[in-house]
Every structure is written in structure tokens, then in C-alpha cells.
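In what follows, a structure is listed as C-alpha cells, so that the remarks can point back to it.
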Protein chains: 2
Amino acid sequence: MRIGSIGEFGLIEKFKKNIFLGPEVVAGSGDDCAVLKFKPGLYQLFTCDMIVEGVDFLKDTRPELVGRKALAVSISDIAACGGVPKQAVVSFGMPKNTSLRRVELIAKGLFKTAREFGVSVVGGDISSSREIVIDVSMLGEVEKERLCLRGGAKAGDLVMVSGEFGGSIKGKHLNFTPRLKEARFLTRNFKIHAMIDVSDGLIQDLGHILEQSASGALIYEDLIPLSRDAAGIKDALCSGEEFELLFTASRAEAKKIIRDTRYHFRVIGQVMPREFGLKLVDRKYRYSRAAMKGFRHF
Amino acid sequence: MRIGSIGEFGLIEKFKKNIFLGPEVVAGSGDDCAVLKFKPGLYQLFTCDMIVEGVDFLKDTRPELVGRKALAVSISDIAACGGVPKQAVVSFGMPKNTSLRRVELIAKGLFKTAREFGVSVVGGDISSSREIVIDVSMLGEVEKERLCLRGGAKAGDLVMVSGEFGGSIKGKHLNFTPRLKEARFLTRNFKIHAMIDVSDGLIQDLGHILEQSASGALIYEDLIPLSRDAAGIKDALCSGEEFELLFTASRAEAKKIIRDTRYHFRVIGQVMPREFGLKLVDRKYRYSRAAMKGFRHF
């Protein structure tokens, strides 16, 4: 039996069994970040993301953007939990014949992004490997009352998003801005029930929220904001690495969020009881059951 | 210009320039772990280590040992700083055709080692890659007065080690036990000036201590404990991934350490003023200037 046949999520499920967790662990794997007891009033967030040449970027991708992406994906995870990124360590595997210029430009993009978001790069490891592999592990902090996890959605909540969806492969997956300001704005001013960043695809990541929240949802395709690069509504629903925020809040909170003009968020549907499942409504008011498509490594 | 021509350490030096560091960072890269302000009386330690198939283990290495090594190298880093490992996140890259059995056995070895050392594995990332790559980032804690860094060695200190050296490639590099108990014993009962775990090689890692401490040293080859697998004294001096402790303490403290029979440590030389450099004495009392050989990725 090969990895391909059980898939990434099956593998993660297998990994989760029989794991030792100390009493300081508030939430382990299954969310964008692990949540650890920390200082009074604060939790510490801990996350890691590996990017690989040929999968997450290509040989001819501008190296500064490779460095930027390596760091930005973890910042997006911290943001989705409502927190602020603080420190990172970077493991960097590369072939022996990699040009020094390329490595320096990757490092330049990485450190520039770190400075931009106030992240201290405090350590690293360098290794030889057959292709470029960069793994960033990041620590963050979040005020206890502002922590957002995937499991808090409630039937009746509205489902909301930042930004636009579709076609991230055309460029956004490399040069996106992690929605840190937007997430901090949300958790400072409103009560957010559940939040995630869209890395696997809008429908698949909504599925993660619904699974953890034991809920269903009804999504109106017409309400999903399409980016200029979107190939259509199906693309917007499935496109991975959009790194937009997907969250739920009560109807009353959602109204307040929409009235506030400082940042722009949109309602795309509603959380339903679990039995409802996840359904999409198209512009002709036809219902369909959503297939959980999105990016799969295996 | 290729990476190979400036080497791993030149690259790390380049990376260290112009880095943003927040006020909570007590020590950044350049030690076994980064040191961060934490709770009253405690520092938090943060480290990462990437292991790659074909470099750190082979295709036919027993998978449980691969998982064990992935975690154990970071535990060794935390131990060398005098601390206790606490939480880890694991990024796992592997080819699509990797057998599920192999992955499960790697995970088994990893989680067993985590349990053995009280490490909570709180998250991870799974990616496809051309060869198996495992990156573990680990958090630890250390009492402020027990923190050991590389920069504290003083002329007149004795240089001491745990265990035996040489030939780790024959097996020890995979099945070593991180010297956590020994390091905690040392920092609980004695004043250790500087400490490191031997990953690059005894002489090269001593070089790291001396560089950070602006000191020299005189090492007596005859005093270096040879393992059964050692090919000779030169091997013992250069063999990487021994994962033994290398530390310095004042002459008075060293005497106490040797008299204590609970754990066994040995004196191999003495810290000297910087101008002395690093010199070796062989059994015929001939001096030689040490060449800093050891494992290099590039």
C-alpha cells in the first residue's frame, strides 16, 4: 500500500493516534496552529510549513518570492488563529550545486518578509538535498479571548471571507499578503466563532471548519468573490493557496463586520446543522452537494 | 559561484546579517538553540533539525530509527543548552510512491521517542518531495541559572566530555541516546561554563565553543575516550553525529564532577587564552595545530 492511496488527510489521522500530549497543550494538531499555555492572558501558537521545489514553487520562480512564501504561509496560519507571529526557525535543504546567488536571494526575500511582519528569525539548519526544501516553524502569541480555532462554528452563523478567490496558481500563491491585519482587526473588534486560512481550497477548508464544529453549511456560489485570475466559480471553490481568511460569526456580529468600512469582508453562506451536510446553491437556485476537492499532495 | 564553494558555515554567516530580532530574543542563531524570554525564572529554547534520505539515513535504514533520529537530534540540542524538551512540530516530505508501511514505522519510531523523552508532538505538515525529508522543530525550557551556551568558556577551564568518540557512522548516529539526563545532572549540580553537543565532530564543535568564547584550547589525544567503533584517534577527533556532550567548567568544578560517581565524564584538555589557538598533544608529547575537520554538508 502506497501513501498515494490513503492520501494526506488519512495519513494525518493515522499520525494523530497514541500521541503523548503534556498538560500545557491546549490544542494539538488539527488546527492551523498548536495552542500552548503561555503567559498570563496569552496563548503561544506553534506551526510549521514545508515548501518544496517542483510542488510549491518552480526552478525558475523568482527566488525572493520563494523566500517570501516560505515565511508567509506560516504567518497566514498564525493570523488564522487570531494571533501575532513572533519568532521563526528555518531549515533549508538544497542541492550542492545550487548557485550562491539564488540562495542569497531566497534568504533576502525571507528576511525582508520577516522584518515586514515583525518576525525574529532566531535559528536554522542547513542540509544538502536533491531539490530545494524550506521548512519554517513559527511561534506566535494570541490573547486568550481572541484565539480562533476551527471548531467554534455554530448553526445560524454566517460564513464570511476576506479577498477574492480563484486562479492563485497564476501568481497569488507566491506573492500573497498574509491577512494578518485583517485577522487582528476581526479578533479585536468582533466575536469570531471559527477561522481558517484557505490553503487547501475554499470548500475543502470550509469542510475542515464544519468537521471540527460538527456542522453543515449552505454556500451561495453567486456570493463568492471571484478574482480576475479565476477560471470560473468551480476554480474559486477549489483553488488552493488563496491564503484568504474564511470565518464564521453570528448574524448580529456579521452585520457589524459588514457595516464597518475599515476592511472589506463578504458573506458567502450560512452554517447549518450537521445533518444538512455541505451544499452549494448556484445562480439558478439549484442545489448541489459539495465535493470536497482541493489541493492534495498525494 | 556555487554553495559548495563557500560551505555551510559561510552560508550561515551570510544569513546572520541584517536580521530583525525582537527584544524577547536572548540568543539567536549561533548556539544549539535560540533562547527566548519566557516565564519567570525560565527561558524558552527553540531549535530545528532537518534530516534527509541519502545524507542522514539511507533507503534501507530501519524506519523506526529514522523517526527516532529525526526527534533525537533536536532533543540533543535542547540538552546541550541545559534544558528540557517540551513540544515539537514535524514536517514530513516524501515521494508519492513511499510505502505506507515505511511511513507508519517512521512515525512509530518518532512518537515512541517523543513519549520516552516527554515531548508533545503538537503539529505537522506533510508534503510530497523527491526523497524523504523530515524536519523537527522543538521547544524546550531551561531555568535561567542553568542555561548553557557556547560562549562561556574561560581560560583555565577544563574541557570535558560524556561518552566515547569515533565511528558513529557504524550505528551510533542512528540509535544514540540524547544526553538529556547527563546534561540535566550537570546543570543541576555544577556550574558549567559552556556546552555543545558533538554533531559536526569533536574538534569542530570545540572550535564553535572557542570561537564564541574567544578562547583557545589544548587537547590531549590520549585522554579522548575511544569507542569500539573508532577507526583511531583521528576518527574520534573528526567523527560527526556522536551526540555526546562537550563542555567546560572551572578546575574546581571539574574535580567535583569527576568525584561524583552517578555519571561518568572525562577531562580531555584545558581552555587556553585565544592567542594559544587550538592545539593537540599526542602520546609522544608532540604538539600539532588542530585542523578543524568534521562533517560538512557542502
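In what follows, chains carry the letters A, B, and so on, assigned in the order in which the sequence lines appear, proteins first and then strands, with residues in each chain numbered from 1.
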Query raised in the report: Among B:Lys108, B:Glu24, B:Lys86, which residue forms the greatest number of heavy-atom pairs with chain A at distances under 4.5 Å?
Result: B:Glu24
Query raised in the report: For the candidates B:Arg102, B:Lys112, B:Gln87, which exhibits the highest count of non-hydrogen atom pairs separated by less than 4.5 Å from chain A?
Result: B:Gln87
Report task. Name, in order of residue number, those residues of residues 113-122 of chain B that have a heavy atom at a distance of less than 4.5 Å from a heavy atom in chain A; otherwise write 'none'. Result -> B:Arg115, B:Gly118, B:Val119, B:Ser120, B:Val121, B:Val122
**Report entry** Proximal component of A:Ile51, with respect to chain B [non-hydrogen, under 4.5 Å]
**Finding:** neither
Query raised in the report: What residues form a salt bridge (Lys or Arg N to Asp or Glu O under 4.0 Å) with B:Arg130, not counting sequence neighbours?
Result: none
Query raised in the report: So do the side chains of A:Ser127 and B:Asp135 get within less than 4.5 Å of each other, counting heavy atoms only?
Result: no
Report summary line: Those residues at least two apart in sequence (or on a different chain) that pass salt bridge (Lys or Arg N to Asp or Glu O under 4.0 Å) with A:Glu64 are A:Arg62
**Report entry** Contact origin within B:Glu53 toward chain A - heavy atom pairs under 4.5 Å
**Finding:** neither
Requested in this report: Write out all pairs satisfying ring-ring contact (aromatic ring centres under 6.0 Å, His included) with one or both partners inside residues 18-54 of chain B, taking only residues at least two apart or from two chains.
Outcome: A:Phe38-B:Phe38, A:Phe46-B:Phe46
Query - For A:Asp125 against B:Asp49, the heavy-atom pair lying closest together - result: OD2-CA, 3.4 Å
Query raised in the report: Should we count NZ of A:Lys144 as having more than 12 external heavy atoms under 6.0 Å?
Result: yes
Report summary line: Residues B:Lys37 and A:Lys39: closest non-hydrogen pair is O-NZ, 4.1 Å
**Report entry** Separation of A:Ile132 CD1 from B:Ser129 OG (nearest 0.5 Å)
**Finding:** 13.5 Å
Report summary line: Okay, A:Val35 and chain B: the region with an atom under 4.5 Å from a heavy atom over there is neither
Requested in this report: Report yes if the side chains of A:Val52 and B:Val133 come closer than 4.5 Å at any heavy-atom pair, otherwise no.
Outcome: no
